[in-house]
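So you know, we letter chains A, B, ... as the sequences are listed, proteins then strands, and number each from 1.
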There are 2 protein chains.
Amino acid sequence: MTQNVYRPHDHSTCIDNAMEQAKAVCEQNGARLTKVRQRVLELVWSSHKPVGAYDLLPLLANEGFNSAPPTVYRALDFLLELGLIHRLASLNAYVGCSHPGHGRASCFFLCQSCGKAQELESQLYDDLSTRVESTLGVKIDHQITELSGICPSCLDQSS
Amino acid sequence: MTQNVYRPHDHSTCIDNAMEQAKAVCEQNGARLTKVRQRVLELVWSSHKPVGAYDLLPLLANEGFNSAPPTVYRALDFLLELGLIHRLASLNAYVGCSHPGHGRASCFFLCQSCGKAQELESQLYDDLSTRVESTLGVKIDHQITELSGICPSCLDQSS
DNA sequence: CGTAGAATCGCAACATTATAACCGAAGGTC
DNA sequence: GACCTTCGGTTATAATGTTGCGATTCTACG
Ligand SMILES: [Zn+2]
Ligand SMILES: [Zn+2]
Ligand SMILES: [Zn+2]
Ligand SMILES: [Zn+2]
């Protein structure tokens with residue numbers, strides 16, 4: 001079950017779930033969820049708004065962590081590698097993966113008004129790569145889709 | 001009919017078609033295809049490999065054009081606005097639109113080996129926005145999809 | 001024409017995002 | 001402890017994109 005991020009919800013459970021899954025994924029892959037990495041993941045999950053790498057720098061600095069770009073980017077790369085976060089190319093920003101372990105394809109809806117990002121269920125789009133592979137005769141590694149518009153909550157408020 | 005960019009073809013007709021369509025689109029929209037804009041479009045179309053904004057700077061400089069970032073970005077923004085080119089967010093690069101005038105959705109396959117970008121026909125993906133709109137209750141402006149992998153030509157060569 | 005308004009362009013500075021290179025620190029293994 | 005590997009600190013730099021302002025060019029209209 002995936003949360004609808006545009007509805008009010010107990011976001012602390014989003015964070016808790018994410019951190020718990022992260023630990024499991026790391027263990028499964030023999031990867032070390034160090035303090036910096038864990039804290040970066042928590043900060044990325046602190047809301048459903050994608051966060052820029054440079055937004056994290058002062059937050060980490062406040063907590064006594066080193067805060068130079070390489071520190072943040074290394075943590076982000078680690079989390080990307082394990083599929084715990086996604087990079088939203090159209091925003092140059094990062095957001096937690098709401099169901100880690102999914103395949104090569106991802107799809108997000110991005111509200112232009114409130115900025116929150118909703119990751120979509122894969123059955124809506126994950127056949128695209130397969131269709132394109134057979135149409136073009138290509139081999140596909142990754143598929144990203146980003147939809148931009150206005151979310152239901154913002155639509156309500158503007159009416 | 002859309003060209004398969006991974007097959008050998010007479011690329012000058014790609015360019016000619018693109019420039020002709022550009023003139024038509026501009027006329028239709030009361031927009032001015034100035035020298036810089038036209039030349040930027042030609043340069044973007046000079047191959048099927050997406051080109052970075054900063055790659056264009058020296059090329060324009062060689063031809064006596066002003067070559068400061070704003071010049072290039074203004075031309076690119078103009079062309080994006082009219083739908084004559086696309087920006088590939090995952091590459092920070094720009095490529096000509098192979099069928100200008102299409103709707104809010106676009107989809108590209110990007111070969112990681114040769115770098116060429118193939119724009120796909122919309123019937124493969126343009127129902128996604130509609131499905132997401134009804135699923136989430138959102139209003140969608142733009143949809144971008146980028147598929148990364150290996151093209152048929154590069155697959156052949158590696159076997 | 002001729003002038004007013006709008007669009008375009010030249011230019012300088014700056015902002016944002018990401019990477020390279022080098023080395024020391026920390027942790028795991030024997 | 002000796003060794004190896006991974007991780008993190010530090011400095012500098014690269015790559016991409018934007019802002020602001022004034023000069024120029026185009027267009028519309030009288
Ligand atoms: Zn939440
Ligand atoms: Zn995901
Ligand atoms: Zn061609
Ligand atoms: Zn297109």
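- Taking 4.0 Å as the cut-off between side-chain N and carboxylate O, Arg104(B) and Glu133(B) count as a salt-bridged pair.
- Between Tyr54(B) and dA15(D) there is no side-chain N or O to OP1 or OP2 distance below 4.0 Å.
- Taking only side-chain atoms of Pro69(A), from C-beta outward, the nucleotide of dG9(D), dT18(D), dA18(C) with the closest atom is dA18(C).
- When distances run from any side-chain atom of Arg37(B) to the nucleotides dT8(C), dT10(D), dA12(C), the shortest one goes to dT8(C).
- Note: CD (Gln38(B)) to C1' (dT8(C)) measures 16 Å, nearest angstrom.
- Listed pair Tyr94(B) / dG17(D) meets the phosphate criterion, a side-chain N or O lying under 4.0 Å from OP1 or OP2.
- Looking at which nucleotide of DNA chain C each of Gly52(A) and Pro70(B) is closest to, the 5′-most match is held by Pro70(B).
- To the nearest angstrom, P of dT16(C) lies 19 Å from CG of Leu88(A).
- The phosphate of dG9(D) (OP1 or OP2) has a side-chain N or O of Thr71(A) nearer than 4.0 angstrom.
- Closest contact between the side chain of Arg74(B) and the listed nucleotides dT8(C), dA18(C), dC11(C) involves dC11(C).
- Summarising the geometry, the separation between CG on Leu76(B) and P on dT8(C) is reported as 15 Å, rounded to the nearest angstrom.
- Whole-Å rounding puts the Leu91(A) CG to dG17(D) C1' distance at 15 Å.
- Side chain of His9(A) to main chain of Arg7(A): a donor-acceptor pair is present (N/O by atom type, distance under 3.5 Å, no hydrogens or angles).
- One interatomic measurement links the two molecules: CG of Asn29(B) to C1' of dA7(C), which rounds to 16 Å at whole-angstrom precision.
- We find that OH of Tyr73(B) is positioned 12 Å from P of dA15(D), with the value rounded to whole Å.
- Between Glu20(A) and Lys23(A) there is no salt bridge, since none of the side-chain N atoms of the basic residue sits less than 4.0 Å from a carboxylate O of the acidic one.
- A pairwise comparison of heavy atoms in Cys151(B) and Cys111(B) identifies N-SG, 3.4 Å as the closest pair.
- Within 6.0 Å of atom CD in Glu63(A), more than 12 heavy atoms from other residues, nucleotides or ligands are found, so the atom counts as buried in its surroundings.
- Closest contact between the side chain of Ala68(A) and the listed nucleotides dC9(C), dG17(D), dT11(D) involves dT11(D).
- Regarding Arg32(A), its CZ atom lies at a distance of 13 Å from the C1' atom of dT29(C), rounded to whole Å.
- Protein atom CG of Asp77(B) is 14 Å distant from nucleotide atom C1' of dC9(C), rounded to whole Å.
- When the nucleotides dC9(C), dT19(C), dG17(D) are ranked by their closest atom to the side chain of Arg87(B), dG17(D) comes out on top.
- When the side-chain nitrogen and oxygen atoms of Asn92(B) are compared with OP1 and OP2 of dA15(D), none of them lie within a distance under 4.0 Å.
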